Amino acid sequence: MQEVRNARRFAFLGVALLAASLLLAGCAGGEGEHDHSTHSHDEEESGGGMAMADGGHAMDHGAMAAIQAAQGMSVALRIEPDAVDGVNITVLPEGFTFAPEHVNGDHIPGEGHAHLYVDGVKVTRLYGPHYHLAGLEPGEHEIRVTLNANTHAAYAHGDRPVETVHMVTIAEGEHAHGAGMDDGPVEAPEGMTVALHAEADAPGGAVNIRIDAAGFRFTPERVNGDHVAGEGHAHVYVDGEKIGRVYGPYFHLGGLASGEHEIRVTLNANTHAAYTRGGEPLEAVARVTVP
């Protein structure tokens, strides 16, 4: 069992997000961000993608038939406490390729995305191997990850899903909000740019974003570490509210109300400081309408 010390309590985004929503990770740092303790109910996705029991986990999202995985496909997790808040999750698959650009598309053997569950509740999709999970209440929590095809059906060996389960314990009391943070901006290296593409996801209530950054490298393995020019992660905002960190070019935003939303991303150093040019943050904005 892994001991995790740095966490904070869930804060509810609002009633409108409770029915169909997503646990979105926050990144502390004096910018007024909120951790959203919400969860996903994607009606067109299977909870584990399978019309069968999976060792006690309820499958209540549509009984989508499982896809038989190739021999050798497996998944493991590494979960580490974050120096600022929550935990950092690393998904370690074998015989599987993340393909967020093909989500909701045709099945291509061996590719897809992952589904993340906390205490049996589906939280979000994972479009890459790195994810920051914040907002866990003190106590023991079950973290489960399944491998899923582009169609969202779960991969399985026989009647067993390709998944892994870890238990983590969040300690009561100690918080490290702001620890290890460098609030001062850093000058962006010459040639660093960022663009943002956002589109409503097919099942509804969600948006898929793609961050196109030049002169910048996502380095989730160095988060909270020393500043290295051109390295870091992104911060994502929805309608002016900070949602969390983004550790790769693709990210799934769930639990959004119908209507138009402003999505904004900034490029940030390993220290969380914003990259700037001429005193202005290096950022990109897109507007998207959720049906």
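Note that the structure is predicted; figures quoted are calculated from it, not measured.
Neither side chain, H227 nor N270, offers a donor N or O lying under 3.5 Å from an acceptor on the other. Neither side chain, H130 nor H132, offers a donor N or O lying under 3.5 Å from an acceptor on the other. A donor-acceptor contact under 3.5 angstrom links the side chains of E111 and H102, judged on distance only. With 3.5 Å as the limit, one finds a donor-acceptor pair spanning the side chains of H152 and N104.
Here the CG-CD1 distance, from N148 to I67, works out to 9.0 Å after rounding to the nearest 0.5 Å. Expressed to the nearest 0.5 Å, how far OG1 of T146 lies from NE2 of H115 amounts to 5.5 Å. Taken to the nearest 0.5 Å, the CG atom of L133 stands 9.0 Å off from the CG atom of D85. Distance CG/L196 to CG/D212: 8.5 Å, rounded to 0.5 Å. A distance of 7.0 Å separates OG1 of T124 from CG of L116, quoted to the nearest 0.5 Å. We find the NE2-CZ distance between H233 and R245 to be 5.5 Å, quoted to the nearest 0.5 Å.
Scanning both residues, A114 and L147, for their nearest heavy atoms gives CB-CD2, 4.4 Å. Minimum interatomic distance between A269 and V186 (heavy atoms only, all atoms of both residues): CB-CG2, 4.2 Å. Summarising the geometry of L282 relative to A188, their closest heavy-atom pair is CD2-CB, 3.9 Å, with the distance given to 0.1 Å. Residues P291 and A200 share a closest heavy-atom pair of CD-CB, 3.9 Å. Annotation for A273 and G184: closest pair CB-O, 2.9 Å, computed over non-hydrogen atoms. For D159 against P161, the heavy-atom pair with the smallest separation is O-CD, 3.9 Å.
Hydrophobic clustering of Ile, Leu, Val, Met, Phe, Trp and Tyr side chains at less than 4.5 Å, counting indirect connections, keeps V103 apart from V288. In terms of hydrophobic clustering, with Ile, Leu, Val, Met, Phe, Trp and Tyr side chains grouped at heavy-atom distances under 4.5 Å, V265 and V246 are assigned to a common cluster. Under a hydrophobic clustering in which Ile, Leu, Val, Met, Phe, Trp and Tyr are joined whenever their side-chain heavy atoms come within less than 4.5 Å, directly or via other members, V194 and V223 fall into different clusters. Hydrophobic clustering (side-chain heavy atoms under 4.5 Å, transitive across Ile, Leu, Val, Met, Phe, Trp, Tyr) groups Y131 together with I209. Transitive grouping of hydrophobic side chains (ILVMFWY, heavy atoms separated by less than 4.5 Å) keeps I263 and Y250 in distinct clusters.
Residues K242 and H235 have side chains in contact (heavy-atom distance under 4.5 Å, counting atoms from C-beta outward). Side-chain atoms of I170 and E137, non-hydrogen and from C-beta on, never get closer than 4.5 Å to each other. Two residues are said to be in side-chain contact when any heavy atoms from C-beta on lie closer than 4.5 Å; H157 and M73 meet this criterion. Contact of the N208 side chain with the R125 side chain is registered, since non-hydrogen atoms from C-beta on lie closer than 4.5 Å.
No donor-acceptor distance shorter than 3.5 angstrom exists from the side chain of T151 to the backbone of H107, with no hydrogens or angles considered. Counting only distance, with no hydrogens or angles, the side chain of Y155 and the backbone of G110 share a donor-acceptor pair below 3.5 Å. Using a distance-only test at 3.5 Å, with no hydrogens or angles considered, a donor-acceptor pair links the side chain of Y275 to the main chain of G230.
For Q71, the side-chain contact (heavy atoms from CB on, under 4.5 Å) criterion is met by no residue, not counting sequence neighbours. Under the salt bridge (Lys or Arg N to Asp or Glu O under 4.0 Å) criterion, R277 pairs with no residue at all, not counting sequence neighbours.
The aromatic rings of F216 and F218 sit perpendicular, their planes meeting at an angle over 60°, well past the 30° parallel limit.
In this structure, E260 places its CD atom where more than 12 heavy-atom neighbours from other residues, nucleotides or ligands lie under 6.0 Å away.
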Please tabulate, for side-chain N and O atoms in residues 86-100, each donor-acceptor pair with protein atoms closer than 3.5 Å (sequence neighbours left out).
unit_1	atom_1	unit_2	atom_2	d
N88	OD1	Y247	OH	2.7
N88	ND2	D82	OD1	2.8

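Salt-bridge formation is not detected for the pair D239/R264: no Lys NZ or Arg NE/NH1/NH2 atom is positioned less than 4.0 Å from an Asp or Glu carboxylate oxygen.
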ask   = Are E142 and V165 close enough, and set up right, to give a side chain to side chain contact (heavy atoms under 4.5 Å, CB included), and what steps lead you there?
value = CA-CA 7 Å; E142 179 192 85; V165 177; 3.4 Å; yes

